[in-house]
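In what follows, a single structure is set out as C-alpha cells and then discussed.
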Amino acid sequence: MIRMWTGLWTLALQELFAHGQNELIESNCDVQGMLQLKLQPDIVKPETTTTEPAEASAANLSNSSQPPLVTLMPTQALPAPVVNITTFHWEPHWQCAETDSACIAAALSKFKELVSESGAQIVGALELKGASGALPGWSSSKEYEDAVSVMVAPGWQVLKEGGGNIRCDGQRGLAVMLVKPPFQVSNCDTLCVMAVHPGHSPIQSGESIVKSVCGDATTSCAIAVGDWNVDAAGVVGGSFNTWQRLVGGNPPSFVVPDSETCCYPSTCCKFDHVVTNIPGAEPLQVHVWPYQLLGQFGMDEEHMPVAVRFSAPAKTTLIG
Ligand SMILES: *[C@@H]1O[C@H](CO)[C@@H](O)[C@H](O)[C@H]1NC(C)=O
Ligand SMILES: *[C@@H]1O[C@H](CO)[C@@H](O)[C@H](O)[C@H]1NC(C)=O
Ligand SMILES: *[C@@H]1O[C@H](CO)[C@@H](O)[C@H](O)[C@H]1NC(C)=O
C-alpha cells in the first residue's frame, strides 16, 4: 500500500495560530460523548524568529606576520544529528470497540494493519479493547479506564508501567510507561510515553500517576498521544492547560495535528494530537487516515487514525 504522508503539520500550525481554543460548555463530569462547542476567537500570535546572516568580516589577512589563525566559517554549518520517531494512535470508540465483539475484532485487525503501515515505534489505543495484546513482540501497558493502552515496538525496553483514571467519574484513562529506546534521544536516558484520554473539562488528576512512573523523565523527555478532547491551544494553555496539569516540565515543543479528527458522523473537533516536550523536537510528517470501518459497523463517534513522524536531536555532545 502506498503511504500517503502529507505535510499537514504546517497547516496544523497555521490553524493553531489562526484560531483560538475551543471552549466547551460544561458544568460537571462529562459522559462519553460529544458536547456542544463554543468557539472563542482568542488569537495566539506566533513567535517570529529572525535569523541574521552571519556578518562577513573583510579582514585583511595579508597584513600579518603570522599565518591566519581563523578560517572563515562556511555559510552553512553541518546539520546536527537527529533521530526520527513515529507514533500512531486511534480511537475507534466504545460503541464499536468496547462492546460489540465482531466490531472489536474488526477494529483490532485494522489497528494492527495501520500500525504496520505507519512504521510506528510508539502506539496508543483509546476505547479499543484488546489492543494491549494485539501487537506480537511489542511491549504494552495494561489497559486502563476506557480501554486506554500504550505500546512500544520490539527493541524498546519497558522499565516501569502504570495508569489509571484522570477524571472524577472514573471514565477517562491514562496509560504511561517509562521506556528505553534502542537509540539515544536527546539527553534522555529514558522516555516517558503516554496514551491519554482526558475528558471534556479540565483534568483533575493524573499528574501523580505520570510522576510515579516517569519521575524526572517528565521534564524534557515526555511523549504523549491521544484524544485530548480539546484543540492544540487547550493542550498548551487556556483554561484546560492540559500538558502542564498532566505532565509538567518543559512546555510542548509541538502539538500536531490540529485538524478535525473526530467524530463520525459529525466531524467537528480537533481532539487528536501528538505532543512532546523534548527540546528541539520537530514534526516531519503527519498522516490522518479517513474513518475506518464505515459500512461494516455503526461506528458511532469513531475518530480518524493519526500517525506523526518527528525528529529529535540525537545525543548532544560537547565540543572541545
Ligand atoms: C591588505 O594589506 C596589504 C598590505 O598592507 C595591502 O597592500 C592591500 O592593499 C590590502 N588589501 C585590502 C583588500 O585592503
Ligand atoms: C599592518 O598593520 C599595522 C597596524 O594597522 C600597521 O602599523 C603596519 O604598517 C601594517 N603593515 C603593512 C605591511 O602594511
Ligand atoms: C530522519 O528523517 C529525515 C527527513 O525525512 C531524513 O532526511 C533523515 O535521514 C532521517 N534520519 C534518520 C536518522 O533516520
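Read the numbers this way: they start at 1 and go in the same order the structure lists the ligands and their atoms.
The shortest contact between atom 5 (O) of ligand 3 and any protein heavy atom is with R309 NH2, 3.1 Å. Of the protein's heavy atoms, V82 O, 3.6 Å lies nearest to atom 13 (C) of ligand 3. Remark: minimum distance from atom 2 (O) of ligand 3 to any protein heavy atom is reached at N84 ND2, 2.3 Å.
In summary, the atoms of ligand 3 found under 4.0 Å from a heavy atom of L284, numbered by their order in the structure, are 2 (O).
Using a 4.5 Å cut-off on side-chain heavy atoms (C-beta onward), V148 and E143 make no contact.
Of the protein's heavy atoms, at least one falls inside 4.0 Å of atom 11 (N) of ligand 3.
Checking F111, F88, W90 one by one against W289, the ring pair (Phe, Tyr, Trp, His ring centres under 6.0 Å) holds for a single residue, F88.
In the hydrophobic clustering of this structure, Y144 does not group with I223; members are Ile, Leu, Val, Met, Phe, Trp, Tyr whose side-chain heavy atoms approach within less than 4.5 Å, directly or through other members.
Using modelled atom types and a 3.5 Å distance limit, the side chains of H93 and D300 yield no donor-acceptor pair. Side-chain polar atoms of T218 and K211 form a donor-acceptor pair below 3.5 angstrom.
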